[in-house]
Amino acid sequence: MANAEHAHEAPPRSSGTLGVETRSIDWIPYTERHGRVRHQVLLWFLGNFQYFTVAVGFVGPSLGLPLGPTILAGVLGIAVGTLFMAFHASQGPVLGLPQMIQSRAQFGYRGVTAALAATLFTYVGFNVADQVLLADGLHGVFGWNRTAIAVGASLIAVVLAVYGHDWLHRVFRWLLYLSLPLVLLLTIGVLSGHAGGHASSQHFAFTWPAFAAQFSAAAAYNITYAPYVSDYSRYLPRTTSPRALIAAVFFGASGSAIWLIALGAWLAIRLGANDGLVGLRQAGDHFVPGLGAAAAALSALSLVATMGMNAYGGSLTVLTGIDSFRSFNPGRRARTVTICALAGIWYVTAASLSTGAVATVFTALTVMLYLLVPWTATNLVDFFFVRRGHYAITDLFTPTGIYGAWSWRGLTAYGAGFAAQIPFMVLPNLGGWSYTGAAARHLGGTDIAWLVGLAVTAVVYLALSRSFDRAAEQQAVLLCEGKLAAA
């Protein structure tokens, strides 16, 4: 059983071969907490400093939105989405747990599987979109075989995910040091007018539906990190300043995202590019020969590293789901098998898609946003307003603990929030099928579904939480803290 009571009996976090992480969904003892807040800046800066972010900047132009409004919608969307992500990150040092284990407090030991399903869709959905982007982009830039690209990217992602937490941090830092100067130089070329580009002959005009779509895509981009952002902060010391950590994650994740979304919008409109990697090569090579090809290659490698991050988080999600019904203590082997299984799923799914890269990105982000917003609202309201960061961690590892097997409050709030979104949803083309809710039609096709879901979920959960037995839970928290101190 992955029980915090026995955390001191687990092997060291990196005692496996060549530093392969051995921990999975268990509690991280205080003696194993390491890392620095500044590493979070680098991790999340590079987490968005890659090809997928450039493609997000193509969403507005694909709907006819001009350059200025596209950049504005991207900035506002990233600011909102990253705020949610950063507040989730602050939970890691406090609890020392993967994000979805902590969610058992809101949904129950087994009830959390509802949130797990939504989260797993996000991990797999991101890697499906990443594989499509890489196959199309690298084929367009270098003429490489699409199948070979997909297989190679998936294999590298699997290896990174298996090696785990510390290796992901290292690889992200190395890639950032290599790619940052190149993209900076390319951006100077764009701003100075030496990277090509011209006024587009295509008609672009501001519309609220297009603006809302770009805003939602940008917000979704960083909100979708919320289910696993604390997976990468849970090794930080418990004394880590929440404000410093929130600021580090916010500025790291938003800085690179705003930069590359704006660059993507410029490539789509002023350069007329249909693919982000191809656009990067054209602009870079127009400024300095060879610059574009190098920037495109490193941007692609950074996206492969992000696939590894998604695979790592996805494995923790699957193992949490299994542990919710069949208690066990998964280690390195269980994580490896799970990661390989997820790789097979995202590879086959991506290979079967016929839609283009930008359409795949927009559809994936939209569905992820609808699924995750009710969860993020429930989780943050519980952590910051209801329980205020105080949890009986040992009770999160048993269905008979204070949180129970099924928590009707969290499940009800999630269901109410998701249902409230349906009339406001605007689903893009999904396998030839699309949907626009009645309320969205009255708004001219403007998508505000996730904002409605956010508000409804928060209000419902707060109202239902008034009946908590706080005295009984406080006793469980004090008992748990004694056990953790002994461990």
Side-chain angles (χ1 to χ4, degrees), residues 48-81 129-130 132-134 136-137 140-141 183 186-187 189-191 193 195-222 254 256-284 286 292 295-296 299 303 355-369 426-430 434 436 444-447:
N48 285 336
F49 200 63
Q50 33 81 358
Y51 174 33
F52 196 109
T53 315
V54 176
V56 175
F58 278 60
V59 171
S62 72
L63 299 172
L65 195 65
L67 181 61
T70 295
I71 294 175
L72 177 61
V75 170
L76 294 176
I78 286 295
V80 172
D130 291 347
V132 172
L133 284 169
L134 286 167
D136 286 356
V141 173
V183 179
L186 189 153
T187 304
V190 169
L191 294 176
H198 51 78
S200 176
S201 59
Q202 182 181 345
H203 176 68
F204 291 92
F206 179 89
T207 63
W208 281 112
F211 187 86
Q214 180 65 70
F215 174 82
S216 296
Y221 190 42
N222 276 354
S254 64
S256 56
I258 289 172
W259 179 359
L260 293 193
I261 286 175
L263 181 59
W266 184 89
L267 293 173
I269 294 175
R270 294 296 174 85
L271 204 64
N274 294 317
D275 180 274
L277 277 190
V278 174
L280 285 175
R281 179 172 186 176
Q282 290 176 349
H286 193 277
S299 182
L303 184 55
T355 53
V358 175
T360 301
V361 166
F362 184 37
T363 300
L365 287 174
T366 301
V367 177
M368 291 175 199
L369 190 61
V426 180
L427 273 171
N429 192 312
L430 190 63
S434 60
T436 302
T446 302
D447 186 356

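Hydrogens, waters and symmetry mates play no part in the numbers below; they use all other heavy atoms, side chains included.
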Straight-line distance of [X] [atom1] to [Y] [atom2], nearest 0.5 Å:
X	Y	atom1	atom2	answer
Phe215	Thr70	CZ	OG1	14.0 Å
Ile269	Gln202	CD1	CD	8.0 Å
Leu63	Phe58	CG	CZ	13.5 Å
Leu267	Asn274	CG	CG	11.5 Å
Ile71	Leu67	CD1	CG	4.0 Å
Asn222	Asn48	CG	CG	4.5 Å

| Is there a donor-acceptor contact under 3.5 Å from the side chain of Ser62 to the main chain of Val59? | yes

For residues [X] and [Y], report the shortest heavy-atom separation together with the two atoms involved.
X	Y	result
Ala195	Trp266	O-CH2, 3.9 Å
Ala218	Ala73	CB-O, 4.3 Å
Leu186	Ala283	CD2-CB, 4.5 Å

[X] versus [Y]: any side-chain heavy-atom pair under 4.5 Å?
X	Y	value
Thr366	Pro428	yes
Leu277	Ser299	yes
Gln214	Pro61	yes
Trp259	Ile78	no
Thr446	Pro209	yes
Leu76	Phe211	yes
Leu369	Leu365	no

| message | I'd like to know whether Phe204 forms a side-chain contact (heavy atoms from CB on, under 4.5 Å) with Leu65, so could you lay out the CA-CA distance, the side-chain angles of the two residues, the decisive distance to 0.1 Å, and finally the verdict. | response | CA-CA 5 Å; Phe204 291 92; Leu65 195 65; 5.8 Å; no

| message | Walk me through whether Leu260 and Val183 qualify under side-chain contact (heavy atoms from CB on, under 4.5 Å). | response | CA-CA 9 Å; Leu260 293 193; Val183 179; 4.0 Å; yes

| query | Angle class for the Phe52/Tyr221 ring planes (parallel below 30°, perpendicular above 60°, tilted otherwise)? | reply | parallel

